[in-house]
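Here the structure comes first, spelled out in structure tokens, and everything after it is commentary.
Sequence positions, counted from 1, serve as the residue numbers for this chain.
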Amino acid sequence: MDFLRFLYSKRFLKHLLGMIIIVSLLIWAVFFGLRIYTKHGVYYIVPDYTGKNIDEVMSVAESAKFNFVVLDSVFDINKAKGTVLHQDPFPNSKVKEDRKIYLTIVSTIPEKTSMPDLKFLTLRQAISTLESCGLKKGKIYYIPTFDADAVQQQLFNGKMIPAGTHLDKGSIIDLTVGIGSKGHGETKDTVAVHDSI
């Protein structure tokens, strides 16, 4: 009976009410502090970084709001080194400050490939083989030989290059091709040469 009388006493009810108020204030303070700490409702729009150089991306003032992580680098002969190919999150996404932006960029170190043996292949076969190895066709020089339309020499920077030599992908290879008995006229990317190179 004394315990029940105590529960309904003004003194207990006053203390209980005080505890409820204090706990409520603490809970409110914690949630309010978390909203400020996590910047609840504050978002930033992710710009489109694709096509830009990684150094340019890092130097932009708005980039200070994000953390950039180069996730992968891919060799692409048709794009400048260090160019951003892909980003995650995508452009125009809403993110919090300090969000990690994962980037895939064009490798700054070119991939290597082996020089194929093009000698005695037809010009069409040689060009196809070059492209499959990641190399580019340069100038075509025609020289007088009995072997019409067959590659006689493969040249890199003006010098003969043996098969198996390691080159950067995208390197330009010039070819000398037999003119045969019919002869060839000059085309846009063809140089007619009458002496052996």
Side-chain angles (χ1 to χ4, degrees), residues 46-60 63 68-93 100-197:
V46 178
D48 187 358
Y49 294 115
T50 54
K52 295 181 180 178
N53 187 278
I54 186 65
D55 294 330
E56 178 187 353
V57 169
M58 298 293 192
S59 65
V60 177
S63 298
F68 294 96
V69 178
V70 177
L71 193 64
D72 194 12
S73 59
V74 179
F75 180 74
D76 189 331
I77 194 172
N78 298 312
K79 297 190 186 305
K81 296 175 183 178
T83 302
V84 176
L85 295 174
H86 177 74
Q87 68 181 74
D88 180 26
F90 293 111
N92 300 318
S93 300
K100 287 185 178 179
I101 309 294
Y102 297 96
L103 303 175
T104 300
I105 66 171
V106 178
S107 176
T108 55
I109 302 174
E111 290 183 23
K112 296 288 186 178
T113 187
S114 291
M115 180 66 207
D117 188 357
L118 306 177
K119 197 168 183 180
F120 304 131
L121 294 181
T122 65
L123 182 57
R124 184 186 298 272
Q125 290 173 329
I127 292 172
S128 177
T129 303
L130 280 175
E131 291 174 350
S132 68
C133 293
L135 299 170
K136 287 185 174 181
K137 171 182 70 73
K139 293 180 179 179
I140 307 299
Y141 297 93
Y142 285 101
I143 60 175
T145 63
F146 68 91
D147 205 358
D149 200 43
V151 173
Q152 305 299 311
Q153 295 173 336
Q154 48 200 37
L155 308 167
F156 177 63
N157 288 336
K159 296 180 180 179
M160 288 184 59
I161 179 167
T165 303
H166 291 291
L167 296 170
D168 293 344
K169 281 191 174 181
S171 296
I172 297 173
I173 306 300
D174 298 328
L175 301 172
T176 61
V177 179
I179 204 168
S181 58
K182 295 180 180 179
H184 289 269
E186 294 186 16
T187 62
K188 186 177 180 181
D189 60 349
T190 298
V191 178
V193 179
H194 301 294
D195 296 312
S196 181
I197 296 176

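- Taking all atoms of both residues into account, the shortest heavy-atom contact from Q152 to G178 is CG-N, 3.8 Å.
- Closest of all the heavy-atom pairs between Y49 and Q87 is N-OE1, 2.6 Å.
- Residue L103 is tested with V84, D88, L85 for a side-chain contact (heavy atoms from CB on, under 4.5 Å); the sole match is V84.
- When side chains are defined from C-beta on, N92 does not count as touching D48, because their heavy atoms never get closer than 4.5 Å.
- Summarising the geometry, atom CG belonging to L175 is positioned 10.0 Å from atom OH belonging to Y142; distances are rounded to the nearest 0.5 Å.
- Not counting sequence neighbours, the partners of S171 by the side-chain contact (heavy atoms from CB on, under 4.5 Å) test are L135, F156, L167, D168.
- Formation of a donor-acceptor pair under 3.5 Å by the S93 side chain with backbone atoms of V46 is not found in this model.
- From T129, atom OG1 reaches atom NZ of K137 across 14.0 Å, with rounding to the nearest 0.5 Å.
- T83 places no side-chain N or O within donor-acceptor distance of the main-chain N or O of V106, the cut-off being under 3.5 Å.
- The minimum heavy-atom distance linking I179 with T145 is given by the pair N-OG1, 4.0 Å.
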Identify all side-chain donor-acceptor contacts of residues 118-128 below 3.5 Å with residues at least two apart in sequence or on another chain.
{"residue": "T122", "atom": "OG1", "partner": "Q125", "partner atom": "N", "Å": "3.2"}
{"residue": "T122", "atom": "OG1", "partner": "Q125", "partner atom": "OE1", "Å": "3.3"}
{"residue": "Q125", "atom": "OE1", "partner": "T122", "partner atom": "N", "Å": "3.1"}

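- A donor-acceptor contact shorter than 3.5 Å is absent between the side chain of D147 and the backbone of V177.
- Smallest separation of non-hydrogen atoms from P116 and C133: CG-SG, 4.0 Å.
- In this structure, CE in M160 is found 10.5 Å from OG1 in T165, a value given to the nearest 0.5 Å.
- Q154 places a side-chain N or O within donor-acceptor distance of the main-chain N or O of I161, the cut-off being under 3.5 Å.
- Separation of atoms NZ (K81) and OG (S73) is listed at 12.5 Å; rounding is to 0.5 Å.
- Of the inter-residue distances, the one linking H166 atom NE2 with M115 atom CE reads 13.0 Å to the nearest 0.5 angstrom.
- Contact detail for I173 and L130: the closest heavy-atom pair is CG1-CD2, 3.8 Å.
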